[in-house]
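Naming: A, B, ... by sequence-line order, numbering from 1 per chain.
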Protein chains: 2
Amino acid sequence: MGMGRPREFDAETALDQAMEVFWRHGYEGATIAQLTEAMGINPPSLYACFGNKEGLLKAALDRYTKLRNVWMDEVVAAPTARDVAERMLMGIADKQTDPANPPGCLLVQGGIACGTGSESVPFELAARRAENEDQLRDRFVRAKAEGDLKPTSDPAALARYVSAVSVGMGVMASSGSDREALQQVASVAVQAVEAQSADRT
Amino acid sequence: MGMGRPREFDAETALDQAMEVFWRHGYEGATIAQLTEAMGINPPSLYACFGNKEGLLKAALDRYTKLRNVWMDEVVAAPTARDVAERMLMGIADKQTDPANPPGCLLVQGGIACGTGSESVPFELAARRAENEDQLRDRFVRAKAEGDLKPTSDPAALARYVSAVSVGMGVMASSGSDREALQQVASVAVQAVEAQSADRT
DNA sequence: CCAGATATGTAGTGTTCACTACAGATGTGG
DNA sequence: CCACATCTGTAGTGAACACTACATATCTGG
């Protein structure tokens with residue numbers, strides 16, 4: 001029994017192209033025709049490789065979060081909670097206005113509200129965002145234990161807050177805000193984390 | 001020349017129903033069939049009254065922002081910049097988790113990313129959000145002039161910040177966060193505005 | 001009561017959508 | 001070289017979409 005004809009395209013390269021289409025148009029706004037054209041393949045190849053449109057989205061999300069997690073590891077490596085927040089939000093201001101990518105964040109642009117039959121998509125995106133929030137929360141728990149954050153601070157609430165600001169910045173970026181505007185938001189937002197930081201003596 | 005047969009439905013009541021459908025499913029996710037059923041009318045009545053799907057959305061947005069502006073007037077009537085931010089964000093935590101409405105905010109849920117042919121929808125929503133931001137900015141400009149905000153503060157950046165947090169909270173609400181979680185975010189967020197407030201002597 | 005004007009309900013229109021049947025191409029194991 | 005397995009391109013499939021033609025109903029002005 002033979003192995004069959006080998007695939008002629010690289011799955012990860014194709015996923016990068018699909019990611020960009022979902023990023024720009026959202027899950028429902030992206031059509032199979034746009035996706036296949038961007039990926040440089042025909043529909044049967046797409047379906048053989050990824051199952052269906054939703055499977056393709058999940059594969060694209062896997063790739064997106066994988067790359068993003070590398071960066072998140074750098075973020076939480078910052079020495080203090082305040083620096084974690086600053087590194088995260090300033091980094092997001094940069095990344096979400098990087099002309100190499102569509103504006104905003106795939107985990108937001110992908111789809112906040114969806115029609116009947118795609119109800120699971122917003123939850124899928126929310127689950128991925130929650131992963132980042134958990135990572136932040138763990139980091140802030142540590143910061144509190146280290147005395148970096150005040151004993152009265154709530155690490156989970158802080159993580160939720162930073163996550164919420166990130167999402168808000170993503171929406172702003174996708175609707176035309178420039179890098180400077182996002183940096184201003186990040187700069188103000190960091191001050192709330194500062195307010196929860198212990199005084200440096 | 002006669003006036004013609006009068007319309008048998010109330011436009012504002014119908015708009016309220018349409019608003020809810022757009023709110024829950026987004027512009028692209030909402031179908032004409034869902035809209036007409038919720039509005040209790042047939043397609044020809046919808047098109048005669050609102051032109052097309054996008055016209056219906058704009059009419060729904062007009063109604064939404066009209067109601068919202070009444071509330072925003074109350075928000076900016078708070079005595080200090082800090083209280084404005086608190087009233088706004090805490091109010092949003094309440095409103096976006098009010099079971100009487102779909103979760104989140106129509107100006108976010110309506111559509112962040114759209115497919116070809118609906119590119120103007122996200123901009124339309126962004127323009128409405130910008131109105132609220134302008135109102136906040138004007139209020140913060142006044143707060144700075146009154147010495148309520150520090151001389152070094154940036155009212156426009158603060159307004160952008162509060163607006164961004166609002167949007168982030170909307171996304172969280174639509175993906176299942178409860179009222180308490182949003183209130184925690186609001187509570188942390190207010191502290192950034194507090195940090196820009198002059199010390200009370 | 002009639003002419004003109006607008007609204008309504010039924011029943012479609014063409015288009016676009018996600019998805020696939022099928023035939024031919026290209027690989028492996030024997 | 002042959003049986004088999006998998007991929008690829010062409011050309012569709014039925015379903016759902018936004019939108020509308022048309023006949024009928026209900027109003028106003030004269």
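By the side chain to side chain contact (heavy atoms under 4.5 Å, CB included) test, B:Ser118 is found to be paired with B:Tyr27, B:Glu28, B:Cys114, B:Val121, residues two or more places apart in sequence or in another chain being considered. Under the rule for a salt bridge (charged side-chain N to carboxylate O under 4.0 Å, His left out), the partners of B:Arg142 that lie at least two apart in sequence or sit in another chain are B:Glu146. Under the side-chain hydrogen bond (donor to acceptor under 3.5 Å, both in side chains) criterion, A:Glu20 pairs with A:Arg24, not counting sequence neighbours.
Contacts of residues 19-58 of chain B with DNA chain C (heavy atom under 4.0 Å): B:Asn42, B:Pro44, B:Ser45. Within residues 4-17 of chain A, the residues approaching DNA chain C are A:Gly4, A:Arg5, A:Pro6, by heavy-atom distance under 4.0 Å.
Listed by first and then second residue, the salt bridge (charged side-chain N to carboxylate O under 4.0 Å, His left out) pairs involving residues 74-85 of chain B are B:Arg82-B:Glu86, B:Arg82-B:Glu194 (not counting sequence neighbours). The list of ring pair (Phe, Tyr, Trp, His ring centres under 6.0 Å) pairs with a residue in residues 30-81 of chain A, not counting sequence neighbours, reads A:Trp23-A:Tyr64. For the salt bridge (charged side-chain N to carboxylate O under 4.0 Å, His left out) condition, the pairs that include at least one residue of residues 103-129 of chain A, sequence neighbours left out, are A:Asp62-A:Arg128, A:Glu124-A:Arg128. The salt bridge (charged side-chain N to carboxylate O under 4.0 Å, His left out) pairs that include a residue from residues 155-183 of chain A are A:Asp94-A:Arg179, where partners are two or more places apart or lie in different chains.
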